[in-house]
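Since the structure comes first, as structure tokens, the remarks are kept for the end.
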Amino acid sequence: MEPSIISPYKERVVMASSVAGATGWYKGKVKAVPSGDSVVIVAMTNKPGPPPEKTITLASLIAPRLARRGGVDEPFAWDSREFLRKLCIGKEVSFHVDYTVPSIGREFGSVFIGRDNVAKLVVAAGWAKVREQGQQKGEASPDIAELLNLEEQAKQEGLGRWSKVPGAAEASVRDLPPSAIGDPSNLDAMGLLAANKGRPMQGIVEQVRDGSTVRVYLLPEFQFVQVFVAGIQSPSMGRRPAPEPVIEAEVPDEANGNASTEPRGPLTSAQRVAASTPSPNEGADPFAAEAKYFTEIRTLNREVRIVLEGVDKFSNLIGSVYYPDGESAKDLALELVENGLGKYVEWSANMMEEDAKRKLKTAELQAKKTRLRIWTNYIPPATNSKAIHNQNFTGKVVEIVSGDCVIVADDAVEFGSPSAERRVNLSSIRCPRIGNPRRDEKPAPYAREAKEFLRTRILGKQVNVQMEYSRKVGMTDAPTAAAGSTDSRVMDFGSIFLVSPVKAEGDDIPVQATTASQPAGVNVAELVVGRGFGTVIRHRDFEERSNHYDALLAAETRAIAGKKGIHSAKDPPVMHVTDLIAAPSKKSKDFLPSLHRAGRIPAVVEYVFSGHRFKVLLPKQTCSIALSLSGVRCPARNEPYSEEAIALMRRKIMQRDVEILVENVDKTGTFIGSLWESKHNVAVALLEAGLAKLQNSFGNDRIIEFHLLEKAEQVAKKQKLKIWENYVEGEEVSNGAAAVAAESKQKEVLKVVVTEVLGGGMLYVQTVGDQKLAPIQQQLAALNIQEAPVIGAFNPKKGDMVLAQFSADGSWNRAMIVNGPRGAVESLTDKFEVFYIDYGNQEVVTYKQLRPVDASVSAAPGLAQLCNLAYIKVPGLEDDFGEEAAEYLSELTLSSSKEFRAKIEERDASGGKVKGQGTGPIISVTLVAVDAEISVNAAMLQDGLARLEKRRRWGSKDKQLAFENLEKFQEEARTGRRGMWRYGDIESDDEDAPPLRKAAGGRR
């Protein structure tokens, strides 16, 4: 230890130098107080590693002895130690060695806190007695005379151990439980945990075994317990070396002498631990001694707060330790991890609160990044997984994909939204692959059983979902994917808990209590593994895993011991199912008579193709069929409300036990019939929700429960739900009056806004209130787009979906590449022609204005619908009056964000293409502004910028009526010589001939 002469004590040093064995003065800090007359002092140095230390017994003092194993305290022993502990612990002191006794390996000296002699303070308070003279000359304190006077004064006043109160001596002896005077393993750990879990307990640390293990007296019962710090593990101290005889402690040369003293008996076990000079243990890990000293200097003989978190399988107590630091308390586990002296341990961290776990993980990550102490040689491994934070949600299970993958409808997301359903893969488990019939892959053994097990347990149930991590995997579901690989996808993993579990025979998983880290209910993954339908993934150290990994391992152990499922020696069950959907239609027709005879058939809905068409499994018949609801039709794909109809059926009947009644089979092999779930006709639910229409072209008497279906449709019409939102009962509408939608009962009317005018009467519209629009806008707004794309990593080609920055306002929108440079991108200024699929406009942007688009954003179809004005022919931009017509149409529709009502007259399902702006169905509409007296179609005719199509005699009555209404507007333009009629009649009877301009001039 570095000597440091203290100037105020020069006189005292000179006096002490005449005494045999006296040494110089030193400074240090009190690390421990083993008894009422001894302290452990460590040097104050900046050198790395634990500093040297000395155990100093106060010269000429004898304090009452604390109990050793199997014994009892001397009277006032605990109070004596507590007085000295509170006086000295953690304080800076000055000391010198007055004399040494080699036979017992002790050094006796004087200790000062500032100018106060600690020995005098102890004697004056009555907590130690003074020994006048040792066996050898010089074995006495230089202040012996003053100490004797102070002792006499304490006796007269009845202070401390000299108390004159009757029974005080007996009352001062601690009533120690067996664990306090024996081995801590005698403690009833489970009982202690049950009585105090989560409740702060006061204690005093008596011993530090290593950086993350302490032995503590729990107050006020003095239970002596060993506590492993929860959530972490410090480097191991290894095995203790073989016991050696106590030798003389190293002291400066001038202190060596022949002094001796009266023997005082052996030290207690706690005193020996604290007093012995540290020696390296055998096989100690790097930084083990430093971690131990870190804990000692903060907690040894300090008052701490212990929060018991749990008990391991060896009945060891696991707890959080908080030590005082000024006015606040610090978490020992977090401090050790932050200083690179402890590593995060998941099995014990799982007993802690989620917030505490997250702090430990974050601290360890930071220590690894800075390569601090135990992480000096740490090399971050490549990983394809990352943690997911703050994405927990509640919802209802709507589909079981496989034994380890389910789809949950998020309660917080609006019904019908593309993001309303979330695919959740169960964390840290793997079930047999279900196979892919399209690739002719058969299910692995127990794959069907695992899926059916989940279907019967959790389908349709309310669950809590705790998202934990995501992982990039190959498209072949390989466990890893190369970094930067394009043939990969990201899968999200989490734990699912049943809110109201229904336990069945063989389900031995206990219902968990609600905590911050685990919601109430049964862990579904644990349930699957416990029944032998899945195995636990053996993660590498750096990989993310389930927060309940240990519970999964325990469940797997039980399943193996019970030889359940895939762990059974029995042959797996085999089920052969005939798929009539993939078979020729003739085979379906051959099955029809037997299905007719069966009447109502129990079935399971395996897939929802559309709102009214499903894939259905018939277990008794061991076949799968396609079933279409009789007399009901939902909107087709890409039509408004088609996705809502599918979503409704998925939530109501997907993978549910149902009954079907087959009536017929069509030419494609699809069976026609009715379907009941819980004795309710699902067609009624579709009609009541306004997501389907009755189709009774073959007669009402052929539709089962037609009266219920008709009543349901009437209710939806009256409430103007979904597809009936613009329904006007009994109102006739023409193209010339303020009426809006002709034949509302037969033709669909949409509320729209016009987003782009192309010319030739072609335009793009968006449906007002389209529920797909808001989620897409929210997803785009949430994107944080900053850096330019890296050339070579992103090479968009014609037809690819991207994000493009619109030049007018700088917003990012979904777009399709229409044209671009040939070959690879070479510069950020390379030009690309893009089509904005949600608005219908088109422009040329640079490569710098493009970004790749996530599949979740691009999955929804474009919201821009291509339309033309029904019954009229508008000149194209290259024709005479074409530019005028386009300008006029733009003024009518784009001058303000007004709403229009578009009555759909016809649909061109064959698709069309306009200037490279994409293909798709074109609908012919009659477009009417909400506050207008005539339709846009009629206004174009009235201004002479369009003409009627050629009228055909065999057209429907509706079309003939529409032509009659529009003819008067064309006649008004003709007689008024407006627009293309300015110079007389045009060849209106020739549909292929463009309008001719008689002379130069006209509107430009």
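Residue indices begin at 1 and follow the sequence shown.
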| query | Counting only heavy atoms not in Asp325, do more than 12 fall under 6.0 Å of its CG? | reply | yes

| said: Under 4.0 Å between a side-chain nitrogen and a carboxylate oxygen: does that hold for Glu335 and Arg298? | reply: no

| Donor-acceptor contact present, side-chain Ser470 to main-chain Met491, <3.5 Å | no

| query | When rounded to the nearest 0.5 angstrom, what distance separates CD1 in Ile537 from OG in Ser428? | reply | 6.0 Å

| Within the distance-only criterion (no hydrogens, no angle test), does the side chain of Gln226 pair as donor or acceptor with the backbone N or O of Leu317 below 3.5 angstrom? | no

| query | Got a salt bridge between Glu296 and Lys31, using NZ or NE/NH1/NH2 to carboxylate O under 4.0 Å? | reply | yes

| So, are Arg85 and Glu82 salt-bridged, with charged N and O less than 4.0 Å apart? | yes

| field | Main-chain N/O of Phe224 paired with Arg215 side-chain donor or acceptor, under 3.5 Å | value | no

| Closest heavy-atom contact between Val72 and Ala67? | C-CB, 3.3 Å

| request: Please determine if Lys29 and Glu53 form a salt bridge, counting it only when a charged side-chain N lies under 4.0 Å from a carboxylate O. | output: no

| query | Is any side-chain N of the basic residue among Glu338 and Lys343 closer than 4.0 Å to the acidic one's carboxylate O? | reply | no

| task | Heavy atoms only: give me the nearest Met237-Ala284 pair and the separation to one decimal. | result | O-CB, 3.4 Å

| request: Check the pair Glu290 / Arg373 against salt bridge (charged side-chain N to carboxylate O under 4.0 Å, His left out), numbers first and verdict last. | output: CA-CA 10 Å; Glu290 191 170 349; Arg373 293 186 174 89; 2.9 Å; yes

| Does Thr370 reach the main-chain N or O of Gln366 with its side chain, forming a donor-acceptor pair under 3.5 Å? | yes

| said: Can you confirm if the NZ or CZ of Arg305 lies within 45° of the ring axis of Tyr322 and under 6.0 Å from the centre of its six-membered ring? | reply: yes

| message | If you define the side chain from C-beta out and look only at heavy atoms, does anything of Asn547 sit under 4.5 Å from Ser495? | response | no

| message | Against the six-membered ring of Trp375, is Arg371 placed for a cation-pi contact (under 6.0 Å from the centre, within 45° of the normal)? | response | no

| message | Between the side chains of Asp73 and Arg174, is the shortest nitrogen-to-carboxylate-oxygen separation below 4.0 Å, so that they form an ion pair? | response | yes

| Validation row: Leu498, Ile458 side chains within 4.5 angstrom (heavy atoms) | yes

| message | For the aromatic rings, using the six-membered ring if either is Trp, is the centroid distance between Phe497 and His548 under 6.0 Å? | response | yes

| Point-to-point distance, once rounded to the nearest 0.5 Å, from CD1 of Ile429 to OG of Ser546 | 9.0 Å

| Between Trp127 and Phe76, how do the two ring planes meet: parallel, tilted or perpendicular, split at 30° and 60°? | tilted

| message | Any carboxylate oxygen within less than 4.0 angstrom of a Lys/Arg side-chain nitrogen, looking at Glu346 and Arg545? | response | yes

| field | Heavy-atom side-chain proximity of Val118 to Leu84 below 4.5 angstrom | value | yes

| message | Treating Asp285 as the side-chain partner and Ser236 as the backbone partner, does any N or O pair qualify as donor plus acceptor under 3.5 Å? | response | yes

| query | For the residue pair Trp347 and Tyr549, is the inter-centroid distance of their aromatic rings smaller than 6.0 Å? | reply | no

| field | Side chain Asn392, main chain Met467, donor-acceptor under 3.5 Å | value | yes

| message | When you measure from the side chain of Ser212 to the backbone of Ser234, do you find a donor-acceptor pair of N or O atoms at a distance under 3.5 Å? | response | yes

| task | Using atom types as modelled and distance alone, determine if a side-chain donor or acceptor of Lys357 lies under 3.5 Å from a backbone N or O of Glu353. | result | no

| Side chain of Arg538, backbone of Val536: donor and acceptor closer than 3.5 Å? | yes

| Between Lys91 and Leu87, is there a donor-acceptor pair closer than 3.5 Å when you use the side chain of the first and the backbone of the second? | yes

| task | Mind running salt bridge (charged side-chain N to carboxylate O under 4.0 Å, His left out) on Lys54 and Glu107 for me, showing each step along the way? | result | CA-CA 8 Å; Lys54 279 184 180 291; Glu107 294 178 299; 3.4 Å; yes

| query | What distance separates Leu360 CG from Leu336 CG, expressed to the nearest 0.5 Å? | reply | 10.0 Å

| field | Min side-chain heavy-atom separation Pro64-Arg161 under 4.5 Å | value | yes

| query | Distance from Ser315 atom OG to Leu193 atom CG, nearest 0.5 Å? | reply | 10.5 Å

